[in-house]
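Structure first, then comments.
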Protein chains: 2
Amino acid sequence: MTTPPRPDGYDPRAFEPFAVTVDLAVLTVRAGRLHVLLVQRGQEPYAGAWALPGGFVLPRESAGTAARRELAEETGLPEATVAGLHLEQLRTYTEPDRDPRMRVVSVAYTALVPDLPEPRGGGDAAEARWLPYDEVPALAFDHDVILADARTRVGAKLEYTCLATAFCPPEFTLGELREVYETVWGVPLDRPNFRRKVLTTPGFVEPVEGPPRRTGGRGKPAALYRAGEATALHPPLLRPEGRSA
Amino acid sequence: MTTPPRPDGYDPRAFEPFAVTVDLAVLTVRAGRLHVLLVQRGQEPYAGAWALPGGFVLPRESAGTAARRELAEETGLPEATVAGLHLEQLRTYTEPDRDPRMRVVSVAYTALVPDLPEPRGGGDAAEARWLPYDEVPALAFDHDVILADARTRVGAKLEYTCLATAFCPPEFTLGELREVYETVWGVPLDRPNFRRKVLTTPGFVEPVEGPPRRTGGRGKPAALYRAGEATALHPPLLRPEGRSA
DNA sequence: GCCTTTTATAGTCAAGATGACTCTTAAGGA
DNA sequence: TCCTTAAGAGTCATCTTGACTATAAAAGGC
């Protein structure tokens, strides 16, 4: 790192200050559709518009800490639950005019969560709600771009990581896991082939002991699995035809 | 995005300001070894220590623009060359105490470049130099972490993207391309298998017209190739045994 | 020139992984 | 009881890999 234009007698206030925020693209699969957690802004700019949850990074916290704090505030989830969630830095958005008030750079995070209860619009948000991904209206700031980037990233990561289990509850069936892939990728997968791939990948999932089985309504009851130790998928589970970018 | 603690009568100066910098992990393959572009700091903090090139983001530029500007300044490359380089946002580092002077968040970028001429230590750097990756001393700030993250990311991206060509000059032989993989991954690859994989992946490389062949010293002259249109590798070119993380 | 070394390029072959299917089992609902 | 739905077992051909062998074309030493 080099030094600022006039580094001698360094004075932080000599520079036009930047504000740093975090924005969260919190995704889940609910009823076979990809959903996003959105909040309705209570004040200007973009008052009344929907936006990704997020907020300012406090002076003594890291962006990751801020992200978890904001997520807990906006969803009303207990800290313990939020602490265990899969949170991943997506990208940082730095266009000079992305916020009309001042120079704000935003560190965006992606969170993959199981189907959670409806959020209570806490914090500064007028309202918080899960919206189906393809019914999301135009969002405040550059949040459309962030959300699109998050979706692309998640789709790609499903191919070569075990991340899909993050969308599932602690115990899940292979059918539920397959639904995650089908929903995020938007393509149907062959059931037996999917099953074979998941079960032969060491550490992807591990069976839950005992005879417990879950009947998901109709059909033969399915065995339950837990997420395994592995994080990467080798070889990967590639999407059918779509050559991903 | 929610609003700051006391958003009414918003005043940017009311918050302890953050500074925003960019840091660049510029990697190249030279003589079969991975090299990194480092600069020696001219002043405190960490005066005399080696660090990644980078610098402050100016008030009216994006981080990406700042990264290219700093890269041009520190390496002395013409703007046109820098404009064509593969620059990719790596991650943003936000630990509160990563800079002893003040709160600085840094957006890190990774650049993959062909074997470039020795840099002239321009800008604020006392000296700029290519250092072999495994001879890099302890770096200033958290740059060791950034550099390690960059290496991990690049290693992984070689598997499922066509990024390796970014390490090569405009025209290159398959031997040179293979050397990139072997150097970054640190494992030898089977020559015929590598060749088959690269040539059967549509759009990875395209042959250079005519009879031009390059003799790289000894051995049979090799045909020349150019980078193709493709960006992704489907299916990927996985590292031999190392199950990547 | 001749021989050795080095690297490119052409094949071969078996094992592994994948895609497309079929068939059976075990529930729920009409 | 019969039909529908989804789980789970298994088959088979094709595609991709990893491991190897063989040949071609240069440079260097003698």
Side-chain angles (χ1 to χ4, degrees), chain A residues 31-32 158-160 168 171-183 185 187-208 211-225 230 232-244, chain B residues 31-32 158-160 168 171-183 185 187-202 204-208 211-225 232-244:
Chain A
L158 288 196
E159 294 195 322
Y160 53 93
C168 297
E171 299 192 343
F172 52 88
T173 68
L174 293 187
E176 291 167 344
L177 186 61
R178 187 169 44 82
E179 188 187 41
V180 167
Y181 278 90
E182 294 183 330
T183 300
W185 287 348
V187 294
L189 297 179
D190 181 83
R191 206 190 317 254
N193 289 345
F194 178 82
R195 175 188 189 76
R196 175 182 59 192
K197 175 65 179 175
V198 171
L199 293 182
T200 61
T201 299
F204 194 172
V205 298
E206 46 191 41
V208 169
R213 295 161 154 265
R214 176 193 295 171
T215 163
R218 52 200 119 259
K220 179 176 176 177
L224 289 174
Y225 295 86
L233 241 49
H234 268 258
L237 203 172
L238 301 176
R239 289 177 244 226
E241 43 224 286
R243 306 290 161 193
S244 78
Chain B
L158 288 195
E159 293 195 321
Y160 53 93
C168 296
E171 300 191 343
F172 52 87
T173 68
L174 294 187
E176 291 167 343
L177 187 62
R178 186 169 44 82
E179 188 187 42
V180 168
Y181 277 90
E182 294 181 331
T183 301
W185 288 348
V187 294
L189 297 179
D190 180 83
R191 208 190 316 254
N193 290 345
F194 178 82
R195 176 188 189 77
R196 175 181 59 191
K197 175 65 180 176
V198 171
L199 293 183
T200 61
T201 299
F204 194 172
V205 298
E206 47 191 40
V208 169
R213 297 162 150 265
R214 176 192 294 170
T215 160
R218 53 200 120 259
K220 180 176 176 177
L224 289 176
Y225 295 86
L233 241 50
H234 270 256
L237 203 173
L238 300 176
R239 292 177 241 224
E241 44 224 286
R243 306 292 159 192
S244 77

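All values reported here derive from a predicted model rather than from experimental measurement. Protein chains get the first letters and strands the later ones, always in sequence-line order, with residue 1 at the start of each.
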Requested in this report: Measure the distance from CG on L224(B) to C1' on dA8(C) and round it to the nearest whole Å.
Outcome: 12 Å
Query - Value in whole Å for how far the P atom of dT7(C) lies from CD of E176(B) - result: 13 Å
Report task. Return yes if some donor-acceptor pair links the side-chain N/O of Y160(B) with the main-chain N/O of A232(B) below 3.5 Å, else return no. Result -> no
Name the pairs: protein N/O against N/O of nucleotides 18-22 of chain C, kept only if under 3.5 Å.
from, atom 1, to, atom 2, distance (Å)
dT18(C), OP1, K197(A), NZ, 3.3
dG19(C), N7, N193(A), ND2, 3.4
dG19(C), N7, R196(A), NH2, 2.8
dG19(C), O6, R196(A), NH1, 2.9
dA20(C), N7, N193(A), ND2, 2.9
dA20(C), N6, N193(A), OD1, 3.2
dC21(C), N4, D190(A), OD2, 3.4

**Report entry** Backbone of L189(A) reached by a side-chain donor or acceptor of E182(A) within 3.5 Å
**Finding:** yes
Query raised in the report: Of the candidate nucleotides dG8(D), dA26(D), dA8(C), which contains the atom at the shortest distance from the side chain of A222(B)?
Result: dA8(C)
Report task. Nearest whole angstrom, please: distance from the P of dC23(C) to the CZ of R195(A). Result -> 19 Å
Report task. Please name the pair of heavy atoms, one in L237(A) and one in W185(A), separated by the smallest distance, quoted to 0.1 Å. Result -> O-CH2, 3.2 Å
Query raised in the report: In whole angstrom, what separates K220(B)'s NZ from dT7(C)'s C1'?
Result: 9 Å
Query raised in the report: Do any N or O atoms from the side chain of T173(A) and from the backbone of E176(A) form a donor-acceptor pair under 3.5 angstrom?
Result: yes
Report task. Send over the distance from L177(B) CG to dT7(C) C1', rounded to a whole Å. Result -> 16 Å
Query raised in the report: Which heavy atom of F204(A) sits nearest a heavy atom of A230(A), and at what distance?
Result: N-CB, 4.2 Å
Query raised in the report: Rounded to whole angstroms, how far apart are NE2 on H234(B) and C1' on dC15(D)?
Result: 16 Å
Report task. Grab the CD-P distance between E179(B) and dT6(C) for me, whole Å please. Result -> 16 Å
Query raised in the report: Taking OP1 and OP2 of dA8(C), is either one under 4.0 Å from a side-chain nitrogen or oxygen of R191(B)?
Result: yes
Requested in this report: Give the rounded distance in Å between these two atoms: CD of E182(A) and C1' of dA6(D).
Outcome: 12 Å
Query raised in the report: Knowing that exactly one of V205(B), L224(B), V180(B), V208(B) qualifies, which makes a side chain to side chain contact (heavy atoms under 4.5 Å, CB included) with F172(B)?
Result: V205(B)
